[in-house]
Amino acid sequence: MAQKIAEQMRLLKRGTVEIFTEDELSERLADSAKTGRQLRIKLGLDPTSADIHLGHTVVLRKMRQFQDLGHKAVLIIGDYTARIGDPSGQNTTRPMLSPQQIEENAKTYFQQAGKILDTSEKKLEVRYNSEWLSELRLADIIKLTGNMTVARMLERDTFELRHKKGDPIGVHEFLYPLMQGYDSVMIKSDVELGGTDQTFNNLVGRDIQRAYGQKPQIVITTPILVGLDGKEKMSKSKGNYIGVTDQAGDMFGKIMSISDDMMENYFTLLTDLPTDEIKELVNPKKTHPKKAKVLLGKTIVAAFYNEATAQLAAAEFDKVFAQGQLPDEIPEIQIPPEPIMASKLLLQCGLVSSGAEGKRIIKQSGCTIDGRKISDPNEQITPTEGMVVQVGKRKFARLKISN
RNA sequence: GGGUCGGUGCCCGAGUGGUUAAAGGGAACGGGCUGUAAACCCGUUGGCGUAAGCCUACGUUGGUUCGAAUCCAACCCGGCCCA
């Protein structure tokens with residue numbers, strides 16, 4: 001029994017940054033094993049953006065482990081809190097969202113999270129925090145805020161930074177951690193998961209639960225996944241992300257574009273490969289980096305699609321980029337057979353966003369038509385059936401003559 | 001409420017009457033190098049026009065001027081200090 005708990009602890013600790021506290025966690029796991037009570041594992045989702053990306057999957061994968069150990073995932077859709085905007089990791093106030101937007105985002109979010117989580121009823125509970133937050137009276141809110149001091153709020157790194165820098169902090173933003181803590185009270189969470197950027201919020205949950213007479217939740221933080229640029233946190237707004245709904249080919253391509261030294265991080269956080277195997281893969285003396293990266297790409301794509309699709313994506317990538325051949329699927333563009341200026345043609349094909357950009361690309365020899373490099377933007381091109389227009393390395397269009 | 005500083009291109013940020021489609025950086029895009037990369041190097045980055053050139057752009061609206069991002073007025077938004 002004790003051994004079993006130790007085994008669980010080892011599994012749960014992989015890929016985490018901190019656990020507040022480990023003793024409490026193993027105690028509660030033991031308690032659960034004894035009584036058969038499922039632990040309630042909370043994860044708050046911020047529905048301000050509809051798509052989830054690999055950054056989110058780090059914590060979702062951790063959640064999945066808890067589910068596989070028999071516990072219950074409680075997803076909180078922060079519909080109410082989204083109207084405020086979470087200041088985490090932001091240096092500016094986020095816009096508030098309309099209920100409709102939030103509703104839509106939440107739906108998509110849930111669907112996408114299902115790619116990783118066990119969605120069976122016994123293992124998953126989904127709640128909207130408007131359920132209880134919208135019921136609060138001013139007196140309740142004052143009671144809640146009484147559990148926090150301004151000084152403690154300002155200790156928080158993001159607030160401190162913004163305050164010092166002279167950036168605005170809305171008073172309403174102070175309510176966010178408190179509401180999130182209140183969520184923990186309402187769903188009686190045993191454990192709360194979150195990225196390290198959520199540490200403060202999640203720890204506040206412990207205080208709030210204590211204040212409301214509950215046993216404080218255990219807080220587990222997971223690392224923030226670095227985005228494709230290798231510098232900043234993966235996030236949609238920075239455009240350095242891989243979405244879980246990305247096409248297999250895109251997903252693979254994006255992974256191939258990361259720098260070699262990011263591979264270890266991605267392997268550890270996004271795959272289940274054993275640690276010592278990863279060590280071999282990222283050691284250039286033992287494995288050629290390209291080979292390792294292809295494996296990384298295939299493994300990740302396979303997790304969201306399947307093995308065959310992953311193979312295909314890899315083969316296609318090799319064909320187009322390594323060998324410079326045409327991809328299998330090229331979007332077809334209807335076009336009349338009259339001669340047209342090269343720069344206009346690019347615009348017509350939707351390969352550039354303006355005629356001026358088309359000219360620029362052509363002058364920089366970034367455009368190929370049927371394998372022939374075009375250098376004069378004013379050259380008259382007579383479209384023919386099946387003519388292939390290429391811009392850069394990865395934008396293609398195949399012409400289809402219309403009358 | 002008073003004082004003061006500020007709002008510039010995708011972002012940050014220089015510019016304080018003409019030579020400014022607006023320095024510099026970031027980012028993105030195109031090319032080179034490569035292992036597909038990353039790093040690095042070169043180039044490009046408002047739109048329309050074959051071109052000459054024209055149009056649009058520096059919070060908003062008006063005004064001064066031959067000419068304004070730059071001066072003035074009002075307004076909107078924000079920072080800081082004082083109350």
Side-chain angles (χ1 to χ4, degrees), chain A residues 90-95 159 161-171 173 226-242 248-267 281-298 300-301 310 312-325 327 338-348 350-369 373-381 389-396:
Chain A
Q90 299 293 119
N91 42 27
T92 46
T93 311
R94 281 195 192 174
F159 284 143
L161 204 74
R162 285 163 62 185
H163 191 58
K164 273 191 185 149
K165 236 179 105 190
D167 287 339
I169 300 172
V171 171
E173 294 183 62
V226 176
L228 298 172
D229 54 15
K231 290 175 208 144
E232 301 205 72
K233 166 184 174 177
M234 183 176 281
S235 88
K236 193 178 181 187
S237 57
K238 297 209 174 70
N240 61 357
Y241 71 103
I242 302 176
D250 288 341
M251 204 181 260
F252 187 85
K254 284 182 185 178
I255 293 162
M256 290 308 279
S257 82
I258 67 170
S259 76
D260 291 352
D261 44 9
M262 288 166 66
M263 283 199 288
E264 180 164 12
N265 189 246
Y266 275 40
F267 266 122
L281 285 166
V282 299
N283 181 346
K285 286 188 187 115
K286 304 225 167 153
T287 316
H288 190 289
K290 180 174 177 186
K291 208 177 147 202
K293 208 176 284 176
V294 167
L295 178 69
L296 177 66
K298 280 197 218 166
I300 292 174
V301 172
L312 224 70
E316 177 83 356
F317 183 89
D318 188 65
K319 187 167 137 193
V320 178
F321 294 99
Q323 299 174 40
Q325 296 181 23
E338 285 85 50
I340 181 171
M341 226 167 56
S343 63
K344 287 276 181 216
L345 180 64
L346 300 194
L347 185 60
Q348 287 280 308
L351 299 172
V352 293
S353 55
S354 72
E357 190 190 344
K359 286 185 192 176
R360 259 181 252 131
I361 297 276
I362 292 169
K363 281 192 193 133
Q364 293 174 97
S365 59
C367 172
T368 311
I369 294 178
K373 200 140 259 177
I374 302 299
S375 51
D376 177 13
N378 300 328
E379 180 174 339
Q380 292 290 316
I381 305 291
V389 184
Q390 177 175 5
V391 166
K393 282 174 189 151
R394 60 181 111 98
K395 278 189 279 184
F396 299 87

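Letters A, B, ... mirror the listed sequences (proteins, then strands); counts begin at 1.
Between the CG atom of A:L295 and the CD1 atom of A:I255 there is a distance of 10.5 Å, given to the nearest 0.5 Å. The NZ atom of A:K344 lies 11.5 Å from the CD atom of A:Q380; values are rounded to the nearest 0.5 Å. To the nearest 0.5 angstrom, A:K290 atom NZ is 5.0 Å from A:D318 atom CG.
Among the protein residues, A:M341 comes within range of the sugar-phosphate backbone only, with heavy atoms under 4.0 Å from sugar or phosphate atoms but none that close to a base. Residue contacts shown for A:K359 include a base, since a base heavy atom lies under 4.0 Å away. Note on A:G355: only backbone sugar-phosphate atoms sit closer than 4.0 angstrom, heavy atoms only; bases stay farther off.
Nearer to the 5' terminus of RNA chain B, by closest-nucleotide assignment, is the contact made by A:G253 (compared with the other of A:G253 and A:N378). Mapped onto RNA chain B by nearest heavy atom, A:V294 and A:A356 fall at different nucleotides, with A:V294 at the one closer to the 5' end.
One interatomic measurement links the two molecules: CD of A:Q325 to C1' of B:U36, which rounds to 15 Å at whole-angstrom precision. Atom CD1 of A:I255 and atom P of B:A38 are 15 Å apart (whole Å). Atom CG in A:N240 sits about 14 Å away from atom C1' in B:C11, given to the nearest Å. Note: CG (A:D250) to P (B:U36) measures 19 Å, nearest angstrom. Taking atom CG of A:L346 as the reference point, atom P of B:U44 lies 19 Å away to the nearest angstrom. One atom, CG of A:L228, and another, P of B:A38, lie 11 Å apart when rounded to the nearest Å. When rounded to the nearest whole Å, the span between NZ of A:K363 and P of B:C42 equals 21 Å.
Remark: B:U19 base-pairs with no nucleotide in the shown strands. Criterion, Watson-Crick or G-U wobble with two distances under 3.5 Å. When Watson-Crick and G-U wobble pairs are counted only if both distances are under 3.5 Å, B:G78 pairs with B:C5. Base pairing of B:A73 is made with B:U61, judged by Watson-Crick or G-U wobble geometry with both donor-acceptor distances under 3.5 Å. Across all strands shown, B:C40 forms a Watson-Crick or G-U wobble pair with B:G32, both key distances being under 3.5 Å. Nucleotide B:A83 is matched to nothing when pairs are restricted to Watson-Crick or G-U wobble geometry with both distances under 3.5 angstrom. When both pairing distances are held under 3.5 Å, B:A27 makes a Watson-Crick or G-U pair with B:U45.
In this structure, the side chains of A:L345 and A:I369 come closer than 4.5 Å at one or more pairs of heavy atoms. Side-chain contact between A:I300 and A:F252: absent, with no pair of heavy atoms (C-beta onward) separated by less than 4.5 Å. Proximity of A:V320 to A:R394: side-chain heavy atoms (C-beta onward) are nowhere separated by under 4.5 Å.
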So which protein nitrogen or oxygen atoms get under 3.5 Å of nucleotides 52-55 of chain B's nitrogens or oxygens?
none

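A pairwise comparison of heavy atoms in A:S343 and A:G358 identifies CB-C, 4.1 Å as the closest pair. Of all heavy-atom pairs between A:V226 and A:K231, the closest is CG1-N, 3.6 Å. In plain terms, the two heavy atoms of A:K298 and A:A314 that are nearest each other are CE-CB, 3.8 Å. When all heavy atoms of A:C367 and A:I362 are compared, the pair lying nearest together is CB-CG1, 3.9 Å.
With both ends at atom C1', the span from B:A57 to B:U45 equals 15 Å, rounded to whole Å. For the P atoms, the distance linking B:G43 with B:C48 amounts to 25 Å, nearest Å. Separating the C1' atom of B:G49 from that of B:C12 is a span of 33 Å, rounded to the nearest Å. Of the C1' atoms belonging to B:C81 and B:U64, the separation is 34 Å, rounded to the nearest Å. B:G24 and B:C42: their P atoms are spaced 14 Å apart (whole Å). Straight-line distance between the C1' atoms of B:G13 and B:A23: roughly 10 Å, to the nearest whole Å. B:G9 and B:A27 have their C1' atoms separated by 13 Å, given to the nearest Å. Taking the P atom of each, B:A14 and B:C71 are spaced 16 Å apart, rounded to whole Å.
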Practice item. Give the B/S/- string for nucleotides 25-35 of chain B, one per nucleotide from 5' to 3', where a protein heavy atom under 4.0 Å of the base yields B, of only the sugar-phosphate yields S, and otherwise -. Key: --S-SBS---B
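Remark: A:S354 is in phosphate contact with B:G47, judged by side-chain N or O atoms under 4.0 Å from OP1 or OP2.
Environment of NZ in A:K319: crowded, with over 12 heavy atoms of neighbouring residues, nucleotides or ligands closer than 6.0 Å.
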